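Position 1 is the first residue of the sequence, and the numbers go up from there. Computed from a predicted structure; not experimentally measured. Worth knowing before you read on, the calculation uses all heavy atoms, side chains too, and leaves out hydrogens, waters and symmetry mates.
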Amino acid sequence: QRQLVESGGGLVQPGGSLRLSCAASGFALDWYTIGWFRQAPGKEREAVSCLRFGGGSAFHDDSVKGRFTISRDRDKNTVDLQMDSLKPEDTAVYYCAARRNIAAQAMCGQLVQVDYWGQGTQVTVSS
């Protein structure tokens, strides 16, 4: 069964860091672009960071530029999201998604259709 599984969420104080991981099982990510998305209560889902697993530059939303880093691990078949300098407004359920043959910026575009979604992991930034 092909699926994505997120891990690494939790509660952190403002200014702190968390690292999320998106692991693919049942398929290799080589031809996929991975996106991290988030949805806060009462708000629409928004794209955070996207990366083509096979290579190329990452795309980050302006709200996280300079604070979040997306990276790939080819051996583990995972894509991580390192989140630093976290703010209360980063609080949301974070999801990873995968789609074949799409540029990173397009993956982070509005209304993108994806091939797979993960189940989500809660990130709460609060003192």
Crowding at CD, Gln82 (>12 non-hydrogen neighbours, <6.0 Å): yes
Separation between [atom1] of [X] and [atom2] of [Y], rounded to the nearest 0.5 Å:
| X | Y | atom1 | atom2 | value |
| --- | --- | --- | --- | --- |
| Tyr32 | Asn77 | OH | CG | 10.5 Å |
| Ser49 | Ile34 | OG | CD1 | 12.5 Å |
| Ser126 | Gln13 | OG | CD | 8.5 Å |
| Cys50 | Arg99 | SG | CZ | 11.5 Å |

If you compare all heavy atoms of [X] against all heavy atoms of [Y], which two are closest, and at what distance to 0.1 Å?
| X | Y | result |
| --- | --- | --- |
| Ser127 | Pro14 | N-CD, 3.7 Å |
| Ala104 | Ser57 | CB-O, 3.8 Å |
| Ala92 | Ala40 | CB-N, 3.8 Å |
| Lys65 | Asp62 | NZ-OD1, 3.1 Å |
| Thr78 | Ser21 | CB-OG, 4.0 Å |

State, with a plain yes or no, whether a side-chain heavy atom of [X] is found less than 4.5 Å away from one of [Y].
| X | Y | result |
| --- | --- | --- |
| Val79 | Ile70 | yes |
| Leu20 | Glu6 | no |
| Asp115 | Arg100 | yes |

| task | Give a yes or no on whether the backbone of Gly9 and the side-chain of Thr121 come within a donor-acceptor separation of less than 3.5 Å. | result | yes
**Side-chain donor or acceptor of Arg72 paired with backbone N/O of Arg52 under 3.5 Å** = yes
Cluster question for you: counting only ILVMFWY and a side-chain heavy-atom cut-off of under 4.5 Å, with indirect links fine, are [X] and [Y] together?
| X | Y | result |
| --- | --- | --- |
| Tyr94 | Leu18 | yes |
| Met107 | Val64 | no |
| Ile102 | Phe59 | no |
| Leu29 | Phe37 | no |
| Val114 | Val93 | yes |

Using the rule given for side chain to side chain contact (heavy atoms under 4.5 Å, CB included), can you reason through Leu81 versus Arg19, listing the C-alpha separation, both sets of side-chain angles and the distance that settles it, and then say yes or no?
CA-CA 6 Å; Leu81 184 69; Arg19 189 176 183 91; over 6 Å; no
Item to complete: Quick one: sort the Tyr95 and Trp117 rings into parallel, tilted or perpendicular, breaks at 30° and 60°.
Response: perpendicular
Checking Ser71 against Asp80: is there a side-chain donor and acceptor pair closer than 3.5 Å? no
For a side chain to side chain contact (heavy atoms under 4.5 Å, CB included) check, start with the C-alpha distance between Val48 and His60, then their side-chain angles and the critical distance, and finish with the verdict.
CA-CA 6 Å; Val48 175; His60 296 281; 5.9 Å; no
Let me see the working for Val125 and Lys87 under side chain to side chain contact (heavy atoms under 4.5 Å, CB included), right down to the final yes or no. CA-CA 6 Å; Val125 185; Lys87 304 175 182 180; 5.5 Å; no
Only residue of Val123, Thr69, Val12 satisfying side chain to side chain contact (heavy atoms under 4.5 Å, CB included) with Met83 is Val123
- Evaluate the side chain to side chain contact (heavy atoms under 4.5 Å, CB included) criterion for residues Phe27 and Tyr116: first the C-alpha distance (whole Å), next the side-chain angles of each, then the deciding distance (0.1 Å), finally the verdict. CA-CA 11 Å; Phe27 67 106; Tyr116 304 102; 3.8 Å; yes
For residues 21-44, the salt bridge (charged side-chain N to carboxylate O under 4.0 Å, His left out) pairs (sequence neighbours left out) are Arg38-Glu46, Arg38-Asp90
*asked:* Quick test of your reading of the model: are Arg67 and Asp84 salt-bridged, counting only N-O distances below 4.0 Å?
replied: no
